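Below you'll find the structure, written out as structure tokens, and then a few comments.
Predicted model, so just to flag it, every value in this text is computed and none were measured. We name chains A, B, ... by the order of the sequence lines, and we start the count at 1 in each one.
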Protein chains: 2
Amino acid sequence: MTSSLSSTPRRSDVTRTAILDAARERFAADGYERATIRAIAKHANIDPSMVMRYYGNKEGLFAAAVSIDLKLPDPASLSRDDAGRTLVTHFVDMWEKNEVLTALLRVGATNQAGAERMQGIFADQLLPVARRVCPDPEQAPARAALASSQLLGLALTRYVLRFPPAVALAPEEIVAWLAPTVQRYLTAPYPA
Amino acid sequence: MTSSLSSTPRRSDVTRTAILDAARERFAADGYERATIRAIAKHANIDPSMVMRYYGNKEGLFAAAVSIDLKLPDPASLSRDDAGRTLVTHFVDMWEKNEVLTALLRVGATNQAGAERMQGIFADQLLPVARRVCPDPEQAPARAALASSQLLGLALTRYVLRFPPAVALAPEEIVAWLAPTVQRYLTAPYPA
DNA sequence: CTTGTTGGCCTACGGTTGTTGAAATGACCT
DNA sequence: AGGTCATTTCAACAACCGTAGGCCAACAAG
């Protein structure tokens, strides 16, 4: 996240990443409006004004805190036949360990900028996969949207709304049920 | 909504329903935190204090404004073979014309009470259907959760996040793609 | 040591929020 | 008519928000 490739590692880097960590946590738990700068600062044990100093304003902080790389496998190396299983496995893994995704989903539900960012992520990262494996490239956006409706729907019910039966599902169960769905959305012909 | 069964129709009923209408609109558009009482009151052309007088506080207003009957078909009259198609058709119809559902989803994403209410709706209304059509009653909660993950996922991408390809889908396309999924979640055996 | 730069805390401003209570208005009954 | 009560208006409160600027300590360079 904090790559040291650009010249000088600043003395304030520990503070900066502490802010980002707290921001991710608060955005994930509370959404955009209720995750106040003051609360984030308190969680990071620093003064609220530091947030302003380093990230300009609340939107800047959000942009810096929530940058996501889904780390999807290279489309080229993806077998057409188990794209569904691969994707679902990967997504569950990702959501399970990464609170940033929950933060982004929560914020996207009430915040225009958040929704657009989420849109961008799926356009940039899921769409190429769809373009690669689906029969007609022209259908790729629709098919990627269908696949993401299922993937995000699971995330919504399991990690945000926390429906008890959705929380109770084991990761393998999720994969077993969802993989055929996603596979079908990506590769099957338009259903009769 | 405003049933006149309990004795006296109050003189303030027009104001009360005007408040509820405006509240539904603002909650759907902005979510819980950003839908301010003042904005709702302005939309209803009344004074903010009326909201307090009639609904106690903001949570009370939300509870009064967002009560949902999914109007699902009677489980008894539901054919096992096209439960999926029936449900998806019904849901799309409902979401398409009813902004309350969008409001509830937006609020559920950032508000604990909203999430619980959404939970209750699906437990009370979708679960009986699952119990009726799914092979083993013990699996009903998990199967209902899977079905709602797909249904709510579509609602999320189409009505809240507004992914362009999801918005572009025609209702018939949605039904064609999603019906087999929901059908499978409800009735098919655990996938290999 | 002196100087400039960076990191950090403190205080405060202007605005908005949910909420309250008192005063004004109106409708209805005798 | 006068009185009673629900309805509405108005002004204000305390709390909180994002944000700005000034002040001091720690450090680096000369």
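- In this structure, A/Asn111 contributes its side chain and A/Gly114 its backbone to a donor-acceptor pair below 3.5 Å.
- Between the P atom of D/dT19 and the CG atom of A/Leu61 lies a distance of 10 Å, rounded to the nearest Å.
- Within the structure, the salt bridge (Lys or Arg N to Asp or Glu O under 4.0 Å) test picks out the following pairs touching residues 92-107 of chain A (sequence neighbours left out): A/Asp93-A/Lys97, A/Glu96-A/Arg158.
- No side-chain heavy atom of B/Tyr159 sits under 4.5 Å from any side-chain heavy atom of B/Leu105.
- Contacts between chain A and DNA chain C, taken as any atom within less than 4.0 angstrom of a protein heavy atom, begin and end at C/dT6 to C/dA12.
- Between the side chain of B/Arg184 and the main chain of A/Trp177, a donor-acceptor pair closer than 3.5 Å is present.
- In this view, A/Gln119 satisfies the side-chain hydrogen bond (donor to acceptor under 3.5 Å, both in side chains) rule with no residue, not counting sequence neighbours.
- Residue pairs meeting the salt bridge (Lys or Arg N to Asp or Glu O under 4.0 Å) criterion with at least one member in residues 34-51 of chain A, sequence neighbours excluded: A/Asp30-A/Arg34, A/Arg34-B/Glu33.
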Protein within reach of the bases, or only the backbone? For nucleotides 2-17 of chain D, mark each nucleotide 5' to 3' as B, S or -, using heavy atoms under 4.0 Å. -----BBBB-B----B
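- Enclosure of atom CD in A/Glu173 by more than 12 non-hydrogen atoms of other residues, nucleotides or ligands within 6.0 angstrom is indicated.
- Remark: B/His43 pairs with B/Ala22, B/Glu25, B/Arg26 by the side-chain contact (heavy atoms from CB on, under 4.5 Å) rule, at least two apart or across chains.
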